[in-house]
Participant: 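Below you'll find the structure I mean.
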Amino acid sequence: MIERVGVIDYGLANIRSVINAINCFPVEVFVAECGSELESADAVVLPGVGNFRSGMKALRERNYEECLNKLVIEDGRPFLGICLGLHFLFDASEEGGESGLGWVEGTVRRFLETPENKVPHMGWNEVEIDDSPCLFTDLEPPLDFYFAHSYHVPLEGVAESIVTAVGNYGVPFVAALERDNLHAVQFHPEKSQLAGMKLLENFLTVS
Amino acid sequence: MLKVRIIPCLDVDKGRVVKGVNFVDLVDAGDPVEQARIYDREGADELTFLDITASHEDRETIFDVVRHTAEECFMPLTVGGGVRVLDDIRKLLLAGADKAAINTAAVKRPEFVREAALKFGSQCIVVSIDAKTVGDGRHEIFTHGGRNPTGIDAVQWAKRMTEYGAGEILLTSMDRDGTKIGFNLPLTRAISDAVPIPVIASGGVGELDHLVEGVIEGHASAVLAASIFHFGTYTIGQAKAHMKAAGVPVREDPKT
């Protein structure tokens, strides 16, 4: 049972909205400002907006990488990455030199701009789910979530078994993934009204 | 498919909504947080606060408004008006805003947009453009509520702001603002077609058809309106139903 949720602050992201959203549920939320502060968390949330390279650099400087490897990968505590927090799980990003956490094989790419598909991909878009993955429990299509990003993880090259929701913006991309205790979403549940709140509730109760 | 966003806008002065409202179930019609809550419940896709507070001392109130709104409304929040330095943006984001709209400060010093996008990411930097069509069919930027001409061509300006890292353009048809006769469609289309980033059309909406025109003819990615929603002429739901019937993709409430 999740009682304490640690939200990672690496000094660049707006974490207020995520904290506000989690505060709607009967759990205790705390902000961790460096890796060691996460120890007491039953579950970890890694929000993110901004730039991949500076974000990863800040995560490393605050000693999160080692700590996350232990808590999430070795100990198996529930983890939710949001937006850039999904990108961090991969090997690398076109957005910049720093390597990612490398928990999931794949590379983050920039969207190609077309007259139909402007970049950033900004606004509400539908995601396709299959087999009712646990984050989407009790959520029925059509499922629109709020996106705000210029980079994405192409579907191709990511193990099919871990992709739980697919978005489409000129190309199909990973909208959500699940692997055991590891969860990540490209959209912003904390900004996606009812559907987003349900998804967060699912993370806190069924993950 | 990416949905077209419908964005209600609240004009806020010293922490109070300035335009009249007649929502039936409001206890305090001037409270922006309460109005935000209603728009949230109605399924608005995003909310914009325009802080029209003139004096610096009263600026703190907008942070409180954003903070309280963000505590209970889980939709994207944009705040514009009086954003002049990087610290203004930082304070808005810390209060819970997702995006800051920059207008006059960008005209005064375009590099400010570049600095803001580098520091906070393009996704949270909206460049707000007030433009009018001038005599020869050109579109020109105006500042100070449409009073001061700048001589800057609106299309060139929008392109330049995109190069500097703006993530979105909030385009107000100054010659239509408050007229209720619809967006300046040639202006909206000229800018939407010129830039690879989303354009939010604003200014002049009096009928639901105007919202549709902004998308179909103006090529806007999102539409913003104030008075039709403030005065209760239409609800967000009616606007969505109207746009859907006209073939514009809109977001519907999820089944839970």
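Keep in mind that what you see is a predicted model, and the values were worked out from it rather than measured. Here is how names work: the chains are called A, B, and so on, in the same order as the sequence lines, proteins then strands, and each is numbered from 1.
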Participant: Determine which residues belonging to residues 76-91 of chain B lie within contact range of chain A, meaning some heavy atom pair is under 4.5 Å apart, and list them by number or answer 'none'.
Facilitator: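 Checking residues 76-91 of chain B against chain A gives Pro76(B), Leu77(B).
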Participant: What option among Ala97(B), Pro198(B), Ala117(B), Pro196(B) has the most heavy-atom pairs under 4.5 Å with chain A?
Facilitator: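 Of Ala97(B), Pro198(B), Ala117(B), Pro196(B), Pro196(B) has the most heavy-atom pairs under 4.5 Å with chain A.
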Participant: For Glu190(A), is it the side chain, the backbone, both or neither that has a heavy atom under 4.5 Å from a heavy atom of chain B?
Facilitator: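 Only the backbone of Glu190(A) comes within 4.5 Å of chain B.
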Participant: Checking heavy atoms, do the side chain of Ala44(B), its backbone, both or neither come under 4.5 Å from chain A?
Facilitator: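 The backbone, not the side chain.
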Participant: Just by modelled atom types, is the Gly214(B) backbone N or O under 3.5 Å from a matching donor or acceptor in the Thr188(B) side chain?
Facilitator: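 Not confirmed, Thr188(B) side chain does not pair with Gly214(B) backbone.
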Participant: Backbone N or O of Ala70(B) within a donor-acceptor pair of the Asn20(A) side chain at under 3.5 Å?
Facilitator: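 Answer holds: yes.
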Participant: Which pair of heavy atoms, one from Met197(A) and one from Ala21(A), lies closest together, and at what distance?
Facilitator: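 Closest heavy-atom pair between Met197(A) and Ala21(A): CE-O, 3.5 Å.
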Participant: If you count heavy-atom pairs under 4.5 Å between each of Pro120(A), Ser17(A), Cys24(A) and chain B, which one has the most?
Facilitator: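 Of the options given, most contacts go to Pro120(A).
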Participant: Going by the angle between their ring planes, with limits at 30° and 60°, are His152(A) and Phe111(A) parallel, tilted or perpendicular?
Facilitator: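 Ring orientation, 0 to 90° scale: parallel.
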Participant: Relative to chain A, which segment of Thr162(B) carries a heavy atom at a distance below 4.5 Å: side chain, backbone, both, or neither?
Facilitator: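 Nothing of Thr162(B), per the 4.5 Å heavy-atom cut-off to chain A.
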Participant: Measure distances from Glu72(B) to the heavy atoms of chain A and classify the residue's part below 4.5 Å as side chain, backbone, both or neither.
Facilitator: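 Neither part.
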Participant: Could you tell me whether Lys99(B) and Glu168(B) make a salt bridge, using a distance below 4.0 angstrom between a side-chain N and a carboxylate O?
Facilitator: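 Counted as a salt bridge, because a side-chain N and a carboxylate O are separated by less than 4.0 Å.
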Participant: Against chain A, work out which of Val4(B), Leu118(B), Asp40(B) has the most heavy-atom pairs shorter than 4.5 Å and name it.
Facilitator: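 Highest number of heavy-atom pairs under 4.5 Å: Asp40(B).
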Participant: Does the distance from a Lys or Arg side-chain N to an Asp or Glu carboxylate O, for Lys191(A) and Asp98(B), drop under 4.0 Å?
Facilitator: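 Salt bridge: yes.
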Participant: Examine whether an atom of Pro115(A) lies under 4.5 Å from a heavy atom of chain B, and if so say whether it belongs to the side chain, the backbone or both; otherwise answer neither.
Facilitator: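 Interface part for Pro115(A): neither.
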Participant: Determine the option with the most heavy-atom pairs under 4.5 angstrom with chain B, choosing from Glu113(A), Met122(A), His149(A).
Facilitator: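 The residue among Glu113(A), Met122(A), His149(A) with the greatest pair count is Met122(A).
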Participant: Using modelled atom types only, decide if a donor and an acceptor are shared between the side chain of Arg77(A) and the backbone of Ala41(A) within a distance under 3.5 Å.
Facilitator: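 Yes: the side chain of Arg77(A) pairs with the backbone of Ala41(A).
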Participant: Pick one of side chain, backbone, both or neither for Val195(B), based on which atoms fall under 4.5 Å of a heavy atom in chain A.
Facilitator: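 Both backbone and side chain of Val195(B) come within 4.5 Å of chain A.
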Participant: Is it the case that atom CD in Gln238(B) sees more than 12 heavy atoms from other parts of the structure closer than 6.0 Å?
Facilitator: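 For Gln238(B), atom CD is crowded (more than 12 foreign heavy atoms under 6.0 Å).
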Participant: For the ring pair Phe74(B) and His188(A), is the centre-to-centre distance below 6.0 Å?
Facilitator: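 Distance test on ring centres: not under 6.0 Å, no.
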Participant: Would one find more than 12 heavy atoms of other residues, nucleotides or ligands at under 6.0 Å from atom CD of Glu66(A)?
Facilitator: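 Open: at most 12 neighbouring heavy atoms sit under 6.0 Å from CD of Glu66(A).
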Participant: In terms of relative ring orientation, are Phe145(A) and Phe187(A) parallel, tilted or perpendicular, with 30° and 60° separating the classes?
Facilitator: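 Parallel, since the angle between the ring planes stays under 30°.
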